[in-house]
Amino acid sequence: MSEPRLTRLPQWQALQRHAGTIGHKHLRELFAADPHRGEQLVAEEVGLYLDYSKQRVDADTLHLLRELAAACQLPQRIAAMFRGERINTTENRAVLHVALRAPAGEKILVDGHDVVADVHAVLDRMAAFADRVRSGAWLGHDGRRIRNVVSIGIGGSDLGPVMAYEALRAYSRRDMAFRFVSNVDGTDFAEAVRDLDAAETLFIVCSKTFTTLETLANAHAARAWSVAALGDERAVAKHFVAVSTNAAEVAKFGIDTANMFGFWDWVGGRYSMDSAIGLSTMLAIGPEHFRAMLAGFHAMDEHFRHAPFERNLPVLMGLLAVWNNNFLDAASVAVLPYEQYLKRFPAYLQQLTMESNGKRVTLDGAAVDYATGPIYWGEPGTNGQHSFYQLLHQGTRIVPCDFIGFGQSLNPLPVQGGGDQHDLLMANLIAQGEALAFGKTAKEVRAAGTDAALAPHRTFPGNRPSSTLLAPKLTPHALGTLIALYEHSVFVQGVIWDIDSFDQWGVELGKQLAKTTIAELTAPDEPTLAHDSSTNTLIRRYRQLRES
Ligand code: F6P
């Protein structure tokens with residue numbers, strides 16, 4: 001087995017030496033040394049403004065990071081992805097979510113076959129179906145129009161659709177209800193349908209493999225609920241559609257494959273929200289807005305593919321993430337959207353980032369001797385300010401933050417005395433970055449009249465890195481660019497760490513063990529257990545509790 005080479009690269013070692021000097025410099029010093037820093041360490045591309053001046057970097061850091069990217073063959077790896085090479089080596093698959101948003105007429109070949117034409121054929125079918133449902137032409141089993149859409153899926157077949165629906169709610173059909181069921185906990189399904197009329201409810205069963213335990217359990221529950229209410233098995237044809245790569249399993253479940261929207265093995269689950277997995281999004285916002293979202297994704301794809309690294313947003317964000325993770329030892333990243341509609345964006349990013357880069361071996365299978373994917377988490381501002389920001393400002397851990405905000409609100413709300421609540425929101429976003437970077441020294445605290453004993457408690461160390469992303473307004477197009485930005489930033493990080501960002505073997509063991517455990521929990525007679533003593537006892541205890 002080969003050794004990981006990253007930490008032996010001269011470019012990595014140069015960054016380590018450099019971290020020894022700049023790592024000790026305070027952001028206060030960096031800003032004092034260059035009065036124009038806040039105007040220079042910024043990039044504005046495809047409608048997104050990125051301010052990274054509050055990252056603990058200088059021109060040398062950025063230069064060295066770009067050298068590292070070159071040594072890790074980032075330009076070649078980007079080109080290989082866009083060419084449709086099988087860069088997901090452990091699954092021997094191409095990685096072509098970029099083809100999902102390529103304009104009609106563009107050609108991307110997989111094994112000599114143009115996949116862009118296939119993408120547009122599915123998009124056109126989705127649009128025709130969405131138009132029929134939205135206009136009332138698609139009727140339920142007893143002739144009533146569809147007013148409720150319940151999307152069933154989990155992981156990449158759920159988090160993207162939920163996030164996009166919440167993000168683009170302002171553009172959605174308000175006379176239709178959209179619900180999402182993911183958890184195998186029956187509560188999720190029960191609460192989603194409890195006030196719905198089955199005659200007006202369409203289920204979209206989303207599963208790339210169509211073998212996922214949670215999704216199939218919920219889909220069976222939905223079919224039983226629908227058939228019981230409508231009194232006819234034939235109702236399934238009008239109330240169920242599927243999104244999958246697996247036509248055989250869809251047919252086995254009982255959904256006519258004429259009502260199936262396909263995608264392909266070169267689309268990873270967590271990269272699939274702009275494929276047919278986004279059917280609920282299209283039903284909610286309509287085909288035109290959906291295509292505008294795809295155009296946003298594509299604009300960022302083109303930027304990522306062609307822009308020089310100095311102003312390439314995903315490259316900058318990816319390299320800064322590596323810098324913070326590996327050279328400043330920051331183990332997590334907080335994503336803080338100051339936009340209520342993006343409330344599920346951090347949850348979406350958790351799968352995108354951690355299922356992609358939570359890996360411990362290189363592409364060659366060697367154990368890494370450096371940290372890989374950081375922990376992503378977050379909440380919308382200003383809510384987070386009243387909970388975990390205490391740790392961000394004064395805790396012992398450094399948590400780099402991504403602030404996300406917009407120039408205009410989709411729901412302006414005047415404040416008595418002038419201004420809009422949006423100004424209050426954005427003032428908070430801007431103030432938080434400033435407070436994290438510059439803090440408040442003990443001297444400043446004492447000068448403000450604070451008692452000496454209390455001064456340490458009221459001192460803010462500052463020097464806490466953050467980036468700020470701004471866009472004019474949360475539109476479908478802007479959402480597309482934002483998601484593609486993070487997708488490609490994750491790719492950049494994975495290339496530097498020399499890992500496969502597109503497989504997810506780490507989710508398998510728990511799934512396998514659960515299969516045995518299910519049989520043991522439900523066996524009529526006390527089963528013979530051969531686990532460790534903790535697992536054995538938990539199984540026995542659960543069996544007792546379920547009978548109590
Ligand atoms: O368990 C993880 C996972 O495989 C994810 O990668 C995927 O997004 C999710 O399960 C759902 O898979 P499917 O779409 O095949 O049901």
Side-chain angles (χ1 to χ4, degrees), residues 87-97 100 122 126 150-165 180-185 188-189 203-223 240-253 255 257 260-281 344-359 373 376 483 486-487 490-491 494 499-515 517-518:
I87 61 166
N88 176 359
T89 51
T90 72
E91 295 180 329
N92 191 27
R93 285 177 180 164
V95 174
L96 272 178
H97 40 279
L100 297 172
V122 174
M126 287 166 65
V150 181
S151 182
I152 298 176
I154 197 162
S157 298
D158 170 68
L159 288 159
V162 176
M163 180 276 290
Y165 171 66
F180 298 85
V181 176
S182 53
N183 201 336
V184 75
D185 182 340
D188 205 10
F189 177 76
F203 290 96
I204 309 175
V205 185
C206 296
S207 175
K208 181 175 169 180
T209 55
F210 228 79
T211 55
T212 304
L213 170 97
E214 293 89 335
T215 301
L216 286 188
N218 281 321
H220 281 288
R223 190 170 61 182
F240 282 79
V241 297
V243 179
S244 186
T245 59
N246 191 345
E249 287 297 323
V250 169
K252 208 156 107 191
F253 176 84
I255 296 177
T257 47
M260 169 179 153
F261 299 87
F263 61 116
W264 307 271
D265 76 351
W266 41 261
V267 184
R270 53 196 175 272
Y271 297 87
S272 67
M273 58 156 288
D274 47 350
S275 71
I277 289 290
L279 184 59
S280 59
T281 315
R344 294 292 290 167
F345 193 60
Y348 167 76
L349 280 188
Q350 284 181 342
Q351 187 198 17
L352 180 68
T353 59
M354 296 199 272
E355 199 166 64
S356 296
N357 285 341
K359 309 288 163 65
Y376 276 75
I483 298 166
Y486 276 95
E487 284 178 346
V490 164
F491 176 64
I499 55 180
D500 190 332
S501 297
F502 303 104
D503 63 13
Q504 58 283 317
W505 299 107
V507 302
E508 295 303 325
L509 178 60
K511 286 187 196 172
Q512 274 168 27
L513 294 179
K515 280 192 189 144
T517 311
I518 290 166

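We count residues from 1, following the sequence as given. We count ligands from 1, going down the list as the structure has it; atoms in each ligand are counted the same way. Predicted model only: the values in this text are computed from it and were never measured.
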Legend entry - Pair Asn246-Thr209, side-chain donor/acceptor within less than 3.5 Å: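 No pair is found: no donor N or O on one side chain lies under 3.5 Å from an acceptor on the other.
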Legend entry - Check: Asp158 side chain, Ser182 main-chain N or O, donor-acceptor pair, under 3.5 Å: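 No; judged by distance alone, with no hydrogens or angles, the pair does not exist.
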Legend entry - Sidechain-backbone polar pair: Gln351 side chain, Gly156 backbone, donor-acceptor under 3.5 Å: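 Such a contact is found between Gln351 side chain and Gly156 backbone.
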Which one of [options] has a non-hydrogen atom at the shortest distance from [atom]?
atom                    : options                        : answer
atom 7 (C) of ligand 1  : Gly153, Gly506, Gly156, Ser157 : Gly156
atom 4 (O) of ligand 1  : Glu214, Lys208, Lys511, Gln351 : Lys511
atom 16 (O) of ligand 1 : Ile277, Thr212, Val205         : Thr212

Please write down residue, atom name and distance for the protein heavy atom closest to [atom].
atom                    : result
atom 9 (C) of ligand 1  : Ile154 O, 3.6 Å
atom 15 (O) of ligand 1 : Thr209 OG1, 2.6 Å
atom 2 (C) of ligand 1  : Glu355 OE2, 3.4 Å

Inset, instruction - Pull out every atom of ligand 1 sitting under 4.0 Å from any heavy atom of Gln504, numbered as shown with elements. - result: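 In order of number, 6 (O).
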Inset, instruction - Using a strict 4.0 Å cut-off to heavy atoms of Val507, name the atoms of ligand 1 that fall inside it. - result: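 Matching atoms, with element in brackets: 1 (O), 2 (C).
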Inset, instruction - Decide yes or no for Tyr165 and Val162: does some side-chain heavy atom of the first lie under 4.5 Å from some side-chain heavy atom of the second? - result: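 No, side chains not in contact.
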Inset, instruction - Run the numbers on Ile152 and Ile204 for side chain to side chain contact (heavy atoms under 4.5 Å, CB included), then give the verdict. - result: CA-CA 6 Å; Ile152 298 176; Ile204 309 175; over 6 Å; no
Legend entry - Face-on cation placement of Arg270 at Tyr348 ring, 6.0 Å and 45° thresholds: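 The answer is no; the distance or angle limit is not met.
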